[in-house]
Amino acid sequence: MMTRNGSPAVGMRRRAAALAIGVVLACTTLVPSSAASADSSGDGSTPAVAAGLTPLLRILDFGTAIGMPLACNLVTSVVSAGAAQVHGASRAVSGVITDIIDQCTTLSQKGDAALQEAIAKSQGLALINPVLNPVIEAMATGTHVVGADNATSVAPFGPTIDGLGGTLAFFEGS
């Protein structure tokens, strides 16, 4: 079967990548937490990273632990500033704002704990790395080539496309 660019190998790689991602996502819930515990030996070794999945979970974990409280504080400060413009409204909303911030903090901590558990479980899926790493590496290299070597053709987006190669490389497993 020929793809749009005429290369059957590109189509095969895309199907293999899609299959590998599907397997990783389907197996996430099948790995027992005892088999995927992070650095349980205490020897200081680096825990395994399942290509694609573990880096994505780490990004989400950062968003839960840092981004959610910041977003909650931003929203409540806007509401508080708006209430300050209306006579007597500040006192009416201050208790509600405090409750909202408390709930955001609680939800952020629960989300962080759940994502830390998912990260630990995902490390057991590092066996997919030999399949996904070459695909991710090829995508990162190809993106770098387009952004750096063909910068005039894709101007003014060359540096952005080149940087995307580094972002893609972040998702490689170890």
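Bear in mind that the values here come from a model prediction, so they are computed numbers and not experimental data.
The side-chain heavy atoms of Asp162 and Thr143, taken from C-beta on, include no pair separated by under 4.5 Å. Residues Pro69 and Ser108 have side chains in contact (heavy-atom distance under 4.5 Å, counting atoms from C-beta outward). Contact annotation: the side chain of Asp61 approaches that of Gln116 to within less than 4.5 Å [non-hydrogen atoms, C-beta and beyond]. Under the 4.5 Å side-chain criterion, counting only non-hydrogen atoms from C-beta, Val93 is not in contact with Ser80. Here the side chains of Phe170 and Ile59 are in contact, with some heavy-atom distance below 4.5 Å. For the pair Thr64 and Lys110, the minimum side-chain heavy-atom distance is 4.5 Å or more.
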Working note: Asn129 + Glu172, criterion side chain to side chain contact (heavy atoms under 4.5 Å, CB included); need CA distance, chi angles, decisive distance, verdict. CA-CA 8 Å; Asn129 290 349; Glu172 287 186 40; over 6 Å; no
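Between the side chain of Ser77 and the main chain of Leu74, a donor-acceptor pair closer than 3.5 Å is present. Asn133 contributes no side-chain N or O that, together with a main-chain N or O of Ala51, makes up a donor-acceptor pair within less than 3.5 Å.
Between Ser122 and Thr54, the shortest heavy-atom contact is OG-OG1, 2.7 Å.
For Leu107, the side chain to side chain contact (heavy atoms under 4.5 Å, CB included) partners at least two apart in sequence or on another chain are Met68.
Under the side chain to side chain contact (heavy atoms under 4.5 Å, CB included) rule, Thr76 has a single partner from Ile97, Thr98, Asp99, which is Ile97.
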